[in-house]
**Student:** 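One structure, as C-alpha coordinates, below. Some questions next.
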Amino acid sequence: MTLLTARGLAKRFGSFTALDGVDLDLNRGERLVICGPSGSGKSTLIRCINRLEEPDAGTIVIDGVPAKDLQALRRRVGMVFQQFNLFPNLTARENIAIAPRKLLGLSRAEADARAEALLDRVQLAGHADKPPAALSGGQQQRVAIARALAMEPVLMLFDEPTSALDPEMIREVLDVMVELGQGGMSMIVVTHEMGFARRAADRIGFMDQGRIVAMAPPQQFFDAPPHPRLVRFLDNILGH
Amino acid sequence: MVQVLVRLLPPLGLTMVLSITALAIATPLGLALGALRAELSDRHPAARAIDAWVFFVRGTPILIQIFAIYFLLPKLGLQPPLFVMGVGALVLNSAGYQIEIGRAAVKSVPKGQWEAALALGFDRQATLRQFILPQAARRMVGPMMNELSQLIKASSVLSVITLFELHKAAEAISSANLRFSEVIVVEGFLYFVFIFGISLIASALERRLSASGALAGAGSFAR
(Lines give C-alpha, C1' and ligand atoms only; values in the text may rest on other atoms or scores of the structure.)
Protein backbone atom coordinates (compact mmCIF):
# COMPACT_ATOMS: atom_id res chain seq x y z
CA MET A 1 0.00 0.00 0.00
CA THR A 2 1.41 3.33 -1.03
CA LEU A 3 2.25 5.82 1.70
CA LEU A 4 3.97 8.49 -0.32
CA THR A 5 3.76 9.48 -3.96
CA ALA A 6 5.92 12.25 -5.35
CA ARG A 7 5.72 13.30 -8.98
CA GLY A 8 7.89 15.65 -10.96
CA LEU A 9 9.63 17.32 -8.02
CA ALA A 10 11.85 20.16 -9.16
CA LYS A 11 13.89 22.64 -7.18
CA ARG A 12 16.44 25.23 -8.27
CA PHE A 13 18.71 27.35 -6.11
CA GLY A 14 19.63 30.27 -8.33
CA SER A 15 21.22 28.70 -11.40
CA PHE A 16 21.84 25.37 -9.66
CA THR A 17 19.32 22.62 -10.33
CA ALA A 18 19.03 20.58 -7.14
CA LEU A 19 16.06 18.47 -8.22
CA ASP A 20 15.32 17.83 -11.85
CA GLY A 21 11.93 16.11 -12.00
CA VAL A 22 12.01 13.39 -9.34
CA ASP A 23 9.33 10.71 -9.05
CA LEU A 24 9.26 8.66 -5.87
CA ASP A 25 6.93 6.08 -4.37
CA LEU A 26 7.15 4.65 -0.89
CA ASN A 27 5.06 1.81 0.48
CA ARG A 28 3.86 1.71 4.04
CA GLY A 29 6.54 0.17 6.24
CA GLU A 30 9.15 0.44 3.51
CA ARG A 31 12.71 1.45 4.29
CA LEU A 32 14.29 3.42 1.49
CA VAL A 33 17.91 4.52 1.47
CA ILE A 34 18.99 7.34 -0.83
CA CYS A 35 22.64 7.80 -1.65
CA GLY A 36 24.66 9.70 -4.18
CA PRO A 37 27.49 12.20 -4.52
CA SER A 38 27.27 15.49 -2.68
CA GLY A 39 25.21 18.04 -4.55
CA SER A 40 23.16 15.32 -6.21
CA GLY A 41 19.94 16.50 -4.53
CA LYS A 42 19.48 13.85 -1.80
CA SER A 43 18.95 16.28 1.05
CA THR A 44 16.84 18.60 -1.05
CA LEU A 45 14.60 15.67 -1.97
CA ILE A 46 13.74 14.72 1.61
CA ARG A 47 13.55 18.38 2.68
CA CYS A 48 10.93 18.84 -0.04
CA ILE A 49 8.90 15.96 1.35
CA ASN A 50 8.21 17.83 4.61
CA ARG A 51 8.44 21.13 2.77
CA LEU A 52 11.40 22.59 4.65
CA GLU A 53 12.20 23.39 1.05
CA GLU A 54 9.31 24.45 -1.12
CA PRO A 55 9.56 22.58 -4.42
CA ASP A 56 9.32 24.78 -7.53
CA ALA A 57 7.20 22.13 -9.24
CA GLY A 58 5.71 18.73 -8.62
CA THR A 59 3.20 17.09 -6.29
CA ILE A 60 3.50 15.12 -3.07
CA VAL A 61 0.72 12.98 -1.67
CA ILE A 62 1.17 11.38 1.74
CA ASP A 63 -1.39 8.89 3.01
CA GLY A 64 -3.70 9.79 0.15
CA VAL A 65 -3.82 13.42 1.24
CA PRO A 66 -2.12 16.13 -0.82
CA ALA A 67 0.20 18.14 1.42
CA LYS A 68 -1.88 21.29 1.86
CA ASP A 69 -1.73 22.11 5.56
CA LEU A 70 1.96 22.53 6.27
CA GLN A 71 1.82 22.07 10.03
CA ALA A 72 -0.49 19.06 9.81
CA LEU A 73 1.86 17.47 7.27
CA ARG A 74 4.93 18.03 9.39
CA ARG A 75 3.29 16.64 12.50
CA ARG A 76 2.93 13.33 10.67
CA VAL A 77 6.41 13.28 9.15
CA GLY A 78 9.36 13.10 11.54
CA MET A 79 12.77 14.41 10.59
CA VAL A 80 16.25 13.76 11.92
CA PHE A 81 19.01 16.17 10.94
CA GLN A 82 22.72 15.78 10.38
CA GLN A 83 23.48 18.32 13.13
CA PHE A 84 20.88 16.91 15.60
CA ASN A 85 19.44 20.40 16.18
CA LEU A 86 18.32 19.64 19.71
CA PHE A 87 17.07 22.64 21.68
CA PRO A 88 20.09 23.50 23.84
CA ASN A 89 18.08 25.21 26.58
CA LEU A 90 15.90 22.15 27.21
CA THR A 91 16.73 18.82 28.83
CA ALA A 92 16.57 15.58 26.85
CA ARG A 93 13.12 14.90 28.30
CA GLU A 94 11.83 18.38 27.47
CA ASN A 95 13.25 18.17 23.96
CA ILE A 96 11.08 15.11 23.37
CA ALA A 97 8.01 16.13 25.38
CA ILE A 98 7.53 19.69 24.18
CA ALA A 99 6.00 18.99 20.76
CA PRO A 100 3.44 16.41 21.95
CA ARG A 101 2.53 18.73 24.79
CA LYS A 102 2.20 21.91 22.73
CA LEU A 103 0.92 20.43 19.48
CA LEU A 104 -0.99 17.28 20.43
CA GLY A 105 -2.43 18.61 23.68
CA LEU A 106 -0.88 16.00 25.95
CA SER A 107 -0.65 16.90 29.63
CA ARG A 108 2.80 17.44 31.07
CA ALA A 109 2.64 14.06 32.82
CA GLU A 110 1.52 12.25 29.66
CA ALA A 111 4.17 13.95 27.53
CA ASP A 112 6.89 13.24 30.08
CA ALA A 113 5.85 9.60 30.27
CA ARG A 114 6.01 9.38 26.48
CA ALA A 115 9.46 10.99 26.55
CA GLU A 116 10.73 8.58 29.19
CA ALA A 117 9.45 5.59 27.25
CA LEU A 118 11.15 6.82 24.07
CA LEU A 119 14.41 7.53 25.90
CA ASP A 120 14.27 3.97 27.14
CA ARG A 121 13.70 2.76 23.59
CA VAL A 122 16.80 4.59 22.28
CA GLN A 123 18.87 3.22 25.20
CA LEU A 124 19.06 6.53 27.04
CA ALA A 125 17.04 5.85 30.16
CA GLY A 126 18.65 7.82 32.98
CA HIS A 127 19.71 10.71 30.75
CA ALA A 128 16.34 12.49 30.81
CA ASP A 129 17.45 15.45 32.91
CA LYS A 130 20.61 16.23 30.96
CA PRO A 131 20.85 19.15 28.58
CA PRO A 132 22.16 18.33 25.08
CA ALA A 133 25.57 19.80 25.91
CA ALA A 134 26.05 17.05 28.50
CA LEU A 135 25.43 14.30 25.92
CA SER A 136 27.77 12.83 23.30
CA GLY A 137 26.98 13.29 19.63
CA GLY A 138 25.59 9.78 19.35
CA GLN A 139 23.41 10.32 22.39
CA GLN A 140 22.18 13.66 21.06
CA GLN A 141 21.22 12.07 17.77
CA ARG A 142 19.30 9.34 19.57
CA VAL A 143 17.42 11.98 21.56
CA ALA A 144 16.67 13.69 18.25
CA ILE A 145 15.24 10.44 16.89
CA ALA A 146 13.12 10.06 20.04
CA ARG A 147 11.97 13.67 19.66
CA ALA A 148 10.72 12.98 16.14
CA LEU A 149 9.07 9.71 17.20
CA ALA A 150 7.20 11.46 20.00
CA MET A 151 4.81 12.93 17.43
CA GLU A 152 3.97 9.35 16.33
CA PRO A 153 4.78 10.05 12.68
CA VAL A 154 3.69 7.85 9.77
CA LEU A 155 7.00 8.50 8.04
CA MET A 156 10.52 9.25 9.27
CA LEU A 157 13.05 11.20 7.23
CA PHE A 158 16.76 10.97 8.07
CA ASP A 159 19.10 13.54 6.53
CA GLU A 160 22.62 12.11 6.82
CA PRO A 161 22.03 11.23 10.48
CA THR A 162 25.55 9.92 11.12
CA SER A 163 27.66 12.29 9.02
CA ALA A 164 28.46 14.61 11.94
CA LEU A 165 29.31 11.77 14.33
CA ASP A 166 32.64 10.39 15.48
CA PRO A 167 33.12 6.91 14.03
CA GLU A 168 32.63 5.08 17.32
CA MET A 169 29.19 6.63 17.76
CA ILE A 170 27.79 5.82 14.34
CA ARG A 171 26.89 2.27 15.28
CA GLU A 172 24.67 3.17 18.24
CA VAL A 173 22.60 5.49 16.05
CA LEU A 174 22.34 3.04 13.17
CA ASP A 175 21.25 0.29 15.58
CA VAL A 176 18.33 2.43 16.72
CA MET A 177 17.40 3.09 13.10
CA VAL A 178 17.58 -0.59 12.17
CA GLU A 179 15.33 -1.46 15.08
CA LEU A 180 12.92 1.26 14.10
CA GLY A 181 12.71 -0.15 10.58
CA GLN A 182 12.18 -3.67 11.90
CA GLY A 183 9.31 -2.31 13.97
CA GLY A 184 7.53 -1.36 10.74
CA MET A 185 8.30 2.36 10.53
CA SER A 186 8.28 3.83 7.02
CA MET A 187 11.64 5.53 6.52
CA ILE A 188 13.59 7.48 3.94
CA VAL A 189 17.24 7.66 4.90
CA VAL A 190 19.84 9.78 3.14
CA THR A 191 23.17 8.28 4.10
CA HIS A 192 26.56 7.13 2.90
CA GLU A 193 26.52 4.20 5.33
CA MET A 194 26.41 1.39 2.79
CA GLY A 195 26.59 -1.24 5.53
CA PHE A 196 23.35 0.12 6.94
CA ALA A 197 21.81 0.24 3.49
CA ARG A 198 22.66 -3.40 2.86
CA ARG A 199 21.46 -4.46 6.29
CA ALA A 200 18.27 -2.42 6.67
CA ALA A 201 16.98 -1.11 3.33
CA ASP A 202 14.22 -2.58 1.23
CA ARG A 203 15.34 -0.48 -1.72
CA ILE A 204 18.27 1.80 -2.38
CA GLY A 205 18.05 4.80 -4.67
CA PHE A 206 21.03 6.47 -6.27
CA MET A 207 20.82 10.14 -7.16
CA ASP A 208 22.97 12.07 -9.58
CA GLN A 209 22.51 15.65 -10.78
CA GLY A 210 19.05 16.05 -9.34
CA ARG A 211 17.58 12.77 -10.58
CA ILE A 212 17.11 9.30 -9.19
CA VAL A 213 19.10 7.37 -11.79
CA ALA A 214 18.95 3.94 -10.18
CA MET A 215 16.68 2.18 -7.70
CA ALA A 216 17.04 -1.44 -6.66
CA PRO A 217 16.90 -3.84 -3.72
CA PRO A 218 20.24 -4.01 -1.84
CA GLN A 219 21.55 -7.21 -3.35
CA GLN A 220 21.03 -6.07 -6.92
CA PHE A 221 22.17 -2.54 -6.05
CA PHE A 222 25.56 -3.72 -4.85
CA ASP A 223 26.12 -6.86 -6.89
CA ALA A 224 24.75 -5.74 -10.24
CA PRO A 225 24.68 -1.93 -10.12
CA PRO A 226 22.10 -0.85 -12.68
CA HIS A 227 23.84 2.39 -13.78
CA PRO A 228 27.41 3.18 -14.89
CA ARG A 229 27.60 6.29 -12.68
CA LEU A 230 26.59 4.13 -9.71
CA VAL A 231 29.38 1.66 -10.45
CA ARG A 232 31.92 4.48 -10.17
CA PHE A 233 30.26 5.83 -7.02
CA LEU A 234 30.36 2.44 -5.30
CA ASP A 235 33.99 1.98 -6.37
CA ASN A 236 34.84 5.30 -4.77
CA ILE A 237 33.14 4.78 -1.45
CA LEU A 238 33.66 1.04 -1.02
CA GLY A 239 37.07 0.84 -2.66
CA HIS A 240 39.18 2.05 0.24
CA MET B 1 28.52 68.69 49.99
CA VAL B 2 25.74 67.02 51.96
CA GLN B 3 23.50 69.98 51.27
CA VAL B 4 24.11 69.63 47.53
CA LEU B 5 23.42 65.93 47.78
CA VAL B 6 20.12 66.50 49.54
CA ARG B 7 19.03 69.08 46.96
CA LEU B 8 19.92 66.71 44.12
CA LEU B 9 17.85 63.81 45.45
CA PRO B 10 14.43 64.92 44.07
CA PRO B 11 15.86 65.57 40.57
CA LEU B 12 17.60 62.18 40.78
CA GLY B 13 14.11 60.81 41.38
CA LEU B 14 12.95 62.39 38.12
CA THR B 15 15.97 60.98 36.30
CA MET B 16 15.10 57.54 37.63
CA VAL B 17 11.43 57.82 36.67
CA LEU B 18 12.36 59.12 33.20
CA SER B 19 14.89 56.36 32.51
CA ILE B 20 12.87 53.53 33.97
CA THR B 21 9.69 54.59 32.15
CA ALA B 22 11.65 54.90 28.90
CA LEU B 23 13.31 51.56 29.53
CA ALA B 24 9.98 49.85 30.25
CA ILE B 25 8.69 51.05 26.88
CA ALA B 26 11.84 50.91 24.77
CA THR B 27 12.97 47.40 25.69
CA PRO B 28 9.84 45.42 24.74
CA LEU B 29 9.27 47.71 21.75
CA GLY B 30 12.86 47.46 20.55
CA LEU B 31 13.08 43.71 21.00
CA ALA B 32 9.70 43.05 19.39
CA LEU B 33 10.60 45.19 16.40
CA GLY B 34 14.05 43.60 16.31
CA ALA B 35 12.56 40.11 16.23
CA LEU B 36 10.06 41.25 13.58
CA ARG B 37 12.89 42.78 11.55
CA ALA B 38 14.81 39.52 11.67
CA GLU B 39 11.76 37.79 10.16
CA LEU B 40 11.10 40.30 7.37
CA SER B 41 12.81 40.48 4.01
CA ASP B 42 14.93 43.58 3.43
CA ARG B 43 12.45 44.93 0.92
CA HIS B 44 9.33 44.73 3.08
CA PRO B 45 7.92 48.23 3.80
CA ALA B 46 7.90 47.59 7.55
CA ALA B 47 11.53 46.46 7.36
CA ARG B 48 12.43 49.70 5.57
CA ALA B 49 10.63 51.74 8.21
CA ILE B 50 12.45 49.93 11.01
CA ASP B 51 15.79 50.34 9.23
CA ALA B 52 15.13 54.06 8.77
CA TRP B 53 14.50 54.38 12.49
CA VAL B 54 17.75 52.59 13.32
CA PHE B 55 19.76 54.66 10.82
CA PHE B 56 18.32 57.92 12.13
CA VAL B 57 19.12 57.04 15.74
CA ARG B 58 22.59 55.77 14.96
CA GLY B 59 23.38 58.59 12.58
CA THR B 60 22.41 61.61 14.65
CA PRO B 61 23.43 62.88 18.10
CA ILE B 62 20.86 62.38 20.83
CA LEU B 63 20.77 66.15 21.21
CA ILE B 64 19.32 66.41 17.69
CA GLN B 65 16.83 63.63 18.44
CA ILE B 66 15.62 65.43 21.56
CA PHE B 67 15.28 68.73 19.70
CA ALA B 68 13.51 66.94 16.88
CA ILE B 69 10.80 65.88 19.27
CA TYR B 70 10.74 69.14 21.19
CA PHE B 71 10.44 71.41 18.15
CA LEU B 72 8.83 69.21 15.50
CA LEU B 73 5.95 67.74 17.51
CA PRO B 74 4.39 71.18 18.18
CA LYS B 75 4.65 71.94 14.44
CA LEU B 76 2.51 68.84 13.86
CA GLY B 77 -0.03 70.25 16.27
CA LEU B 78 1.00 68.01 19.17
CA GLN B 79 1.87 69.59 22.49
CA PRO B 80 2.46 66.76 24.98
CA PRO B 81 3.76 67.53 28.47
CA LEU B 82 7.51 67.93 28.82
CA PHE B 83 7.84 64.65 30.69
CA VAL B 84 6.19 62.77 27.81
CA MET B 85 8.50 64.45 25.30
CA GLY B 86 11.48 63.47 27.42
CA VAL B 87 10.43 59.85 27.69
CA GLY B 88 9.57 59.90 23.99
CA ALA B 89 13.05 61.07 23.05
CA LEU B 90 14.70 58.41 25.20
CA VAL B 91 12.43 55.71 23.74
CA LEU B 92 13.15 56.91 20.20
CA ASN B 93 16.86 56.68 20.88
CA SER B 94 17.09 53.55 22.99
CA ALA B 95 14.57 51.45 21.05
CA GLY B 96 16.60 52.27 17.93
CA TYR B 97 19.62 50.57 19.44
CA GLN B 98 17.62 47.75 21.01
CA ILE B 99 16.07 46.90 17.64
CA GLU B 100 19.57 46.11 16.47
CA ILE B 101 20.35 44.11 19.60
CA GLY B 102 17.15 42.07 19.22
CA ARG B 103 17.59 41.57 15.49
CA ALA B 104 21.19 40.42 15.86
CA ALA B 105 20.29 38.07 18.72
CA VAL B 106 17.44 36.42 16.78
CA LYS B 107 19.65 36.12 13.69
CA SER B 108 22.41 34.52 15.73
CA VAL B 109 20.27 31.52 16.65
CA PRO B 110 21.32 28.76 14.23
CA LYS B 111 18.96 27.98 11.34
CA GLY B 112 18.84 24.37 12.49
CA GLN B 113 16.85 25.45 15.54
CA TRP B 114 14.16 26.88 13.28
CA GLU B 115 14.15 23.77 11.13
CA ALA B 116 13.91 21.42 14.08
CA ALA B 117 10.84 23.20 15.45
CA LEU B 118 9.20 23.66 12.04
CA ALA B 119 9.78 19.99 11.19
CA LEU B 120 7.95 18.99 14.38
CA GLY B 121 4.94 20.99 13.20
CA PHE B 122 5.27 24.31 15.02
CA ASP B 123 4.38 27.33 12.90
CA ARG B 124 6.87 30.19 12.51
CA GLN B 125 5.32 32.34 15.20
CA ALA B 126 5.26 29.56 17.78
CA THR B 127 8.82 28.61 16.82
CA LEU B 128 9.99 32.16 17.36
CA ARG B 129 8.24 32.46 20.71
CA GLN B 130 8.87 28.98 22.07
CA PHE B 131 12.40 28.23 20.87
CA ILE B 132 14.17 31.15 19.21
CA LEU B 133 13.47 34.05 21.57
CA PRO B 134 14.54 32.17 24.73
CA GLN B 135 17.85 31.38 23.05
CA ALA B 136 18.17 34.91 21.69
CA ALA B 137 17.59 36.28 25.20
CA ARG B 138 20.84 34.88 26.50
CA ARG B 139 22.77 36.50 23.67
CA MET B 140 21.20 39.85 24.47
CA VAL B 141 22.08 40.20 28.13
CA GLY B 142 25.52 41.74 27.62
CA PRO B 143 24.59 44.32 24.95
CA MET B 144 21.40 45.11 26.87
CA MET B 145 23.37 46.02 30.01
CA ASN B 146 25.40 48.46 27.92
CA GLU B 147 22.29 49.94 26.41
CA LEU B 148 20.73 50.35 29.83
CA SER B 149 23.55 52.48 31.17
CA GLN B 150 23.63 54.44 27.90
CA LEU B 151 19.96 55.24 28.32
CA ILE B 152 20.38 56.51 31.87
CA LYS B 153 23.31 58.68 30.86
CA ALA B 154 21.44 59.94 27.81
CA SER B 155 18.69 61.19 30.09
CA SER B 156 21.09 63.94 31.26
CA VAL B 157 20.82 65.53 27.81
CA LEU B 158 17.09 66.08 28.48
CA SER B 159 18.27 69.07 30.51
CA VAL B 160 18.31 71.00 27.20
CA ILE B 161 14.52 70.93 27.03
CA THR B 162 14.34 72.28 30.61
CA LEU B 163 13.32 69.02 32.23
CA PHE B 164 14.46 69.47 35.81
CA GLU B 165 16.25 66.13 36.03
CA LEU B 166 19.54 65.46 37.77
CA HIS B 167 21.84 67.25 35.37
CA LYS B 168 19.60 70.27 34.94
CA ALA B 169 19.31 70.59 38.72
CA ALA B 170 23.08 70.30 39.14
CA GLU B 171 23.57 73.04 36.56
CA ALA B 172 21.11 75.27 38.38
CA ILE B 173 22.76 74.72 41.75
CA SER B 174 26.31 75.25 40.51
CA SER B 175 25.47 78.41 38.61
CA ALA B 176 23.96 79.76 41.84
CA ASN B 177 26.66 78.73 44.33
CA LEU B 178 29.54 78.67 41.80
CA ARG B 179 30.99 75.52 43.41
CA PHE B 180 31.17 73.67 40.12
CA SER B 181 33.61 70.92 41.09
CA GLU B 182 31.73 70.03 44.25
CA VAL B 183 28.40 69.81 42.43
CA ILE B 184 29.80 67.83 39.55
CA VAL B 185 31.38 65.28 41.90
CA VAL B 186 28.07 64.78 43.69
CA GLU B 187 26.15 64.60 40.41
CA GLY B 188 28.56 62.05 38.98
CA PHE B 189 28.38 60.02 42.16
CA LEU B 190 24.58 59.90 41.99
CA TYR B 191 24.59 58.76 38.34
CA PHE B 192 27.14 56.14 39.23
CA VAL B 193 25.12 54.79 42.16
CA PHE B 194 21.95 54.61 40.06
CA ILE B 195 23.62 52.84 37.14
CA PHE B 196 25.52 50.53 39.46
CA GLY B 197 22.29 49.60 41.22
CA ILE B 198 20.57 48.87 37.93
CA SER B 199 23.51 46.77 36.76
CA LEU B 200 23.30 44.71 39.96
CA ILE B 201 19.66 44.00 39.21
CA ALA B 202 20.58 43.06 35.64
CA SER B 203 23.29 40.66 36.81
CA ALA B 204 20.84 39.02 39.18
CA LEU B 205 18.47 38.61 36.26
CA GLU B 206 21.26 37.11 34.17
CA ARG B 207 22.04 34.61 36.95
CA ARG B 208 18.37 33.66 37.16
CA LEU B 209 18.14 33.12 33.40
CA SER B 210 21.24 31.00 33.60
CA ALA B 211 19.97 28.97 36.57
CA SER B 212 16.68 28.30 34.79
CA GLY B 213 18.65 26.76 31.95
CA ALA B 214 17.76 29.43 29.41
CA LEU B 215 21.45 30.23 29.08
CA ALA B 216 22.73 26.68 29.17
CA GLY B 217 24.13 24.63 26.36
CA ALA B 218 25.73 27.26 24.17
CA GLY B 219 28.44 24.69 23.52
CA SER B 220 26.18 22.38 21.60
CA PHE B 221 25.96 24.88 18.76
CA ALA B 222 29.59 24.26 18.00
CA ARG B 223 29.26 21.19 15.81
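Just so it is clear, the values below take in all heavy atoms, side chains as well, and ignore hydrogens, waters and symmetry mates. Keep in mind the model is a prediction, meaning the values are calculated, not measured. In the text below, chain A, chain B and the rest are named by the order of the sequence lines, each starting its count at 1.
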**Student:** Once rounded to the nearest 0.5 Å, what's the spacing between atom CD of B:Gln113 and atom CG of A:Leu86?
**Tutor:**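 So the CD of B:Gln113 and the CG of A:Leu86 are separated by 8.0 Å.
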**Student:** Ignoring hydrogens, what is the shortest heavy-atom contact between B:Phe122 and A:Ile98? Give both atom names and the distance.
**Tutor:**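 Nearest heavy atoms, B:Phe122 then A:Ile98: CZ-O, 4.2 Å.
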**Student:** Where does A:Arg47 contact chain B at under 4.5 Å (heavy atoms): side chain, backbone, both or neither?
**Tutor:**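 The side chain, not the backbone.
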**Student:** Counting N and O atoms only, with roles assigned by atom type, does the side chain of A:Arg75 sit under 3.5 Å from a partner on the main chain of B:Gly121, one being a donor and the other an acceptor?
**Tutor:**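 Such a contact is found between A:Arg75 side chain and B:Gly121 backbone.
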**Student:** Mark yes or no for whether A:Asn85, through its side chain, and B:Ala116, through its backbone, hold a donor-acceptor pair below 3.5 Å.
**Tutor:**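 Checking the backbone N and O of B:Ala116 against the side chain of A:Asn85, no donor-acceptor pair under 3.5 Å is found.
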**Student:** How about A:Arg171: does its CZ atom have over 12 heavy atoms from other parts shown lying under 6.0 Å from it?
**Tutor:**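 Atom CZ in A:Arg171 is not packed in, count stays at 12 or less.
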**Student:** State whether the number of non-hydrogen atoms from other residues, nucleotides or ligands found under 6.0 Å of B:Phe196 atom CZ is greater than 12.
**Tutor:**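 No, CZ of B:Phe196 has 12 or fewer neighbouring heavy atoms, counting only those of other groups under 6.0 Å.
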**Student:** Rounded to the nearest 0.5 Å, what separates atom CD in A:Gln71 from atom CG in B:Leu120?
**Tutor:**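 That separation rounds to 11.5 Å.
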**Student:** Measuring heavy-atom distances to chain B, does A:Val80 have an atom under 4.5 Å in its side chain, in its backbone, in both, or in neither?
**Tutor:**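 Neither part; nothing is under 4.5 Å.
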**Student:** Measure distances from B:Ala126 to the heavy atoms of chain A and classify the residue's part below 4.5 Å as side chain, backbone, both or neither.
**Tutor:**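 Neither part.
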**Student:** Between atom CZ of A:Phe87 and atom CD of B:Gln135, what is the distance when rounded to the nearest 0.5 Å?
**Tutor:**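 Reported value, rounded in 0.5 Å steps: 8.0 Å.
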**Student:** Looking at A:Gly78, A:Ala72, A:Ala99, which makes the most heavy-atom pairs under 4.5 Å with chain B?
**Tutor:**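 Heavy-atom pairs under 4.5 Å are most numerous for A:Ala99.
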**Student:** Atom CZ of residue position B:Phe55 - does it have more than 12 heavy atoms of other residues, nucleotides or ligands inside 6.0 Å?
**Tutor:**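 12 or below, so no.
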**Student:** In Å, rounded to the nearest 0.5 Å, how long is the span from CD of B:Glu115 to CD of A:Glu53?
**Tutor:**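 Those atoms lie 7.0 Å apart.
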